[in-house]
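Some notes on the structure that comes next.
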Amino acid sequence: MEDYLKTKGRIFDIQRYSIHDGNGIRTIIFLKGCVLRCRWCCNPESQEYRIQTMTVQGKPKVIGRDVTVGEVMETVVKDRPYYRRTGGGMTLSGGESLCQPEFARDLLRAAKESGINTAMESMGYADYEVIRAILPYLDQYLLDIKHMDPEKHREFTGKRNDLMLENARKIADSHMTELSIRVPVIPGFNDTPQEIGAIAAYTKELKNVCRMHLLPYHRLGQDKYEGLGRPYLMGDVEPPTNEKMQELLHTAEKYSGIECQIGG
């Protein structure tokens with residue numbers, strides 16, 4: 001067995017037959033650990049690297065398990081026919097995949113060497129050297145940009161956005177991967193035309209971006225907070241209306257000059 005197939009990491013889920021987070025039908029690997037604490041996070045069980053117990057439908061469930069790259073790939077390769085027919089593949093998600101850089105890199109390498117398309121959903125919060133080591137094995141980078149104001153970003157996520165914006169530029173300049181920008185649309189945080197327009201204008205500056213996705217806020221992760229014994233800070237926030245999303249989509253198209261879509 002190749003050494004990189006023995007690299008160990010910590011995941012909390014593998015989701016097969018997904019039509020989100022990349023092209024075609026995909027298998028999504030959810031990695032444990034994140035540097036941000038976004039108030040609206042729909043996977044709060046991903047934030048802590050440690051293995052946790054979460055109450056799910058009244059029963060305790062262990063969240064997190066240690067696996068090798070080779071063990072993950074045993075599941076990923078099962079759906080190779082679906083990837084071929086739909087242009088799909090494997091996507092890394094989380095959490096923030098870059099919190100486990102060697103594991104993420106070696107998972108992507110294993111997929112590429114198996115002829116499987118690769119994607120990663122990430123905030124880009126890491127030293128660029130970490131990202132650069134991953135890029136040769138990455139077909140699609142689904143990069144989150146949540147806000148252009150560093151202090152408002154810190155208030156709602158726990159971290160400023162300087163490093164992420166700098167890395168977005170470096171990833172675009174590398175021309176090594178297909179880059180898409182994803183924006184979670186969060187009422188009270190970034191759901192004005194001015195805020196979405198600022199992100200879209202920055203996206204236009206990057207030049208090498210294929211498309212921009214606006215992802216409407218939802219409450220699907222609310223029960224997980226209760227299961228973890230944590231308060232849900234977004235309880236009184238209503239998801240954006242279809243009319244609001246269409247308005248913001250028009251703004252994104254106007255200022256980015258590229259293909260924009262709701263969802264993704």
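Because the structure is a prediction, the values reported are computed rather than measured.
Residues Met123 and Leu165 do not share a hydrophobic cluster, defined by chaining ILVMFWY side chains whose heavy atoms lie under 4.5 Å apart. Taken together through direct or relayed side-chain contacts under 4.5 Å among Ile, Leu, Val, Met, Phe, Trp and Tyr, Ile134 and Leu5 form part of one hydrophobic cluster. If you chain together hydrophobic residues whose side chains sit under 4.5 Å apart, Tyr255 and Leu143 never meet in one group. Residues Tyr83 and Met73 share a hydrophobic cluster, clusters being chains of Ile/Leu/Val/Met/Phe/Trp/Tyr side chains in contact below 4.5 Å. Val183 and Leu163 fall into different hydrophobic clusters, where Ile, Leu, Val, Met, Phe, Trp and Tyr residues are linked whenever their side-chain heavy atoms come under 4.5 Å apart, directly or through other members.
Salt-bridge formation is not detected for the pair Lys152/Glu155: no Lys NZ or Arg NE/NH1/NH2 atom is positioned less than 4.0 Å from an Asp or Glu carboxylate oxygen. A salt bridge is defined here as a Lys NZ or Arg NE, NH1 or NH2 lying under 4.0 Å from an Asp or Glu carboxylate O, and Glu195 with Lys146 fails to meet this definition. Ionic pairing of Glu151 and Arg154 is present here: one or more N-O contacts between side-chain nitrogen and carboxylate oxygen are shorter than 4.0 angstrom. Between Arg182 and Asp21, at least one side-chain N (NZ, or NE/NH1/NH2) sits under 4.0 Å from a carboxylate O, which counts as a salt bridge. A salt bridge between Asp66 and Arg10 is present, with a side-chain N of the basic residue lying under 4.0 Å from a carboxylate O of the acidic one. Using a cutoff of 4.0 Å between basic side-chain nitrogens and carboxylate oxygens, Arg105 and Glu102 are not scored as salt-bridged. Note on Lys32 versus Glu45: no salt bridge recorded, every NZ/NE/NH1/NH2 to OD/OE distance being 4.0 Å or above. The residues Glu178 and Arg211 are annotated as salt-bridged, a charged nitrogen and a carboxylate oxygen being separated by less than 4.0 angstrom.
Minimum heavy-atom separation, Ser256 to Ala252: OG-O, 2.7 Å. Nearest heavy atom pair, residue Leu179 against residue Ile171, reads CD1-CG2, 4.1 Å. The heavy-atom pair separating Pro239 from Pro187 by the smallest distance is C-CG, 4.5 Å. Shown here for Pro193 and Glu247, the closest heavy-atom pair between the two residues is CG-OE2, 3.4 Å. Of all the heavy atoms in Ala104 and Leu31, the pair that sits closest is CB-CD2, 4.5 Å.
The backbone N or O of Glu71 sits less than 3.5 Å from a side-chain atom of Thr68, completing a donor-acceptor pair. Formation of a donor-acceptor pair under 3.5 Å by the Glu96 side chain with backbone atoms of Leu98 is found in this model. Within the 3.5 Å criterion, the main-chain N or O of Ile25 finds a donor-acceptor partner in the side chain of Thr86. Here the side chain of Gln100 pairs no donor or acceptor atom with the backbone of Ser97 at under 3.5 angstrom. At least one donor-acceptor pair closer than 3.5 Å links the side chain of Ser122 to the backbone N or O of Gly124. Side chain of Asp139 to backbone of Thr118: a donor-acceptor contact under 3.5 angstrom is found. Within the 3.5 Å criterion, the main-chain N or O of Gln261 finds no donor-acceptor partner in the side chain of His213. Within the 3.5 Å criterion, the main-chain N or O of Pro240 finds no donor-acceptor partner in the side chain of Asp191. Between the Asn208 side chain and the Ala172 main chain, a donor and an acceptor come within less than 3.5 Å of each other. No donor-acceptor distance shorter than 3.5 angstrom exists from the side chain of Asn167 to the backbone of Tyr125, with no hydrogens or angles considered.
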For this session: Before giving the answer on side-chain contact (heavy atoms from CB on, under 4.5 Å), spell out for Cys99 and Val35 the whole-Å C-alpha distance, their side-chain angles and the decisive distance to 0.1 Å.
Result: CA-CA 7 Å; Cys99 289; Val35 289; 3.9 Å; yes
For this session: Please step through side-chain contact (heavy atoms from CB on, under 4.5 Å) for the pair Leu228 and Gln52, ending with a clear verdict.
Result: CA-CA 8 Å; Leu228 290 167; Gln52 298 166 281; 4.0 Å; yes
Problem set entry | Audit row: Ile14, Ile28, side-chain contact (heavy atoms from CB on, under 4.5 Å) steps and yes/no | CA-CA 6 Å; Ile14 298 179; Ile28 306 178; over 6 Å; no
Problem set entry | side-chain contact (heavy atoms from CB on, under 4.5 Å) assessment of Leu206 paired with Arg169 | CA-CA 6 Å; Leu206 297 177; Arg169 194 175 295 280; 4.0 Å; yes
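Within 6.0 Å of CD1 in Ile51 there are more than 12 heavy atoms belonging to other residues, nucleotides or ligands. The neighbour count for Arg65 CZ, taken as heavy atoms of other residues, nucleotides or ligands under 6.0 Å away, does not exceed 12. Other residues, nucleotides and ligands contribute over 12 non-hydrogen atoms within 6.0 Å of the OH atom of Tyr202. Counting heavy-atom neighbours within 6.0 Å of His175 NE2, excluding the residue itself, gives a total above 12.
Between Arg26 and Ser18, the side chains place no donor N or O within less than 3.5 Å of an acceptor N or O (distance only, hydrogens not considered). Inspection of the Tyr217 and Glu238 side chains reveals no N or O donor paired with an N or O acceptor under 3.5 Å. Side-chain N/O atoms of Ser180 and Tyr141 include no donor and acceptor closer than 3.5 Å. Side-chain contact of Thr27 with Gln15: a donor-acceptor pair under 3.5 Å is absent, judged by distance alone.
Side chains of Cys41 and Tyr225 form a contact here, defined as non-hydrogen atoms less than 4.5 Å apart. Between Ile186 and Trp40, some side-chain heavy-atom pair lies under the 4.5 Å cut-off. Side-chain contact between Asp79 and Arg16: present, with at least one pair of heavy atoms (C-beta onward) separated by less than 4.5 Å. Contact of the Arg109 side chain with the Glu113 side chain is registered, since non-hydrogen atoms from C-beta on lie closer than 4.5 Å. Counting heavy atoms from C-beta outward, Lys207 and Asp173 have side chains that stay 4.5 Å or more apart. Using a 4.5 Å heavy-atom cutoff, the side chains of Asn43 and Phe30 are in contact. In this structure, the side chains of Lys6 and Val69 stay at 4.5 Å or more apart for every pair of heavy atoms. Between Ile29 and Val76, the closest side-chain pair of non-hydrogen atoms falls below 4.5 Å.
The side-chain tip of Arg132 does not point at the ring of Tyr128 from less than 6.0 angstrom away and within 45° of straight on.
A ring-centre distance under 6.0 Å is not found for Phe156 and His147.
Rounded to the nearest 0.5 Å, atoms CG (Asn242) and CD1 (Ile262) are 7.5 Å apart. Rounding to the nearest 0.5 Å places CD of Gln140 at 5.5 Å from CG of Asn117. Taken to the nearest 0.5 Å, the CD1 atom of Ile63 stands 8.0 Å off from the NZ atom of Lys224. For the atom pair OG1 (Thr203) and CD1 (Ile181), the distance works out to 5.0 Å, reported to the nearest 0.5 Å. In this structure, Ile145 CD1 and Ile199 CD1 are separated by 7.0 Å, a value rounded to the nearest 0.5 Å. Atoms OG1 and CG, on Thr157 and Leu36 in that order, are 5.0 Å from each other to the nearest 0.5 Å.
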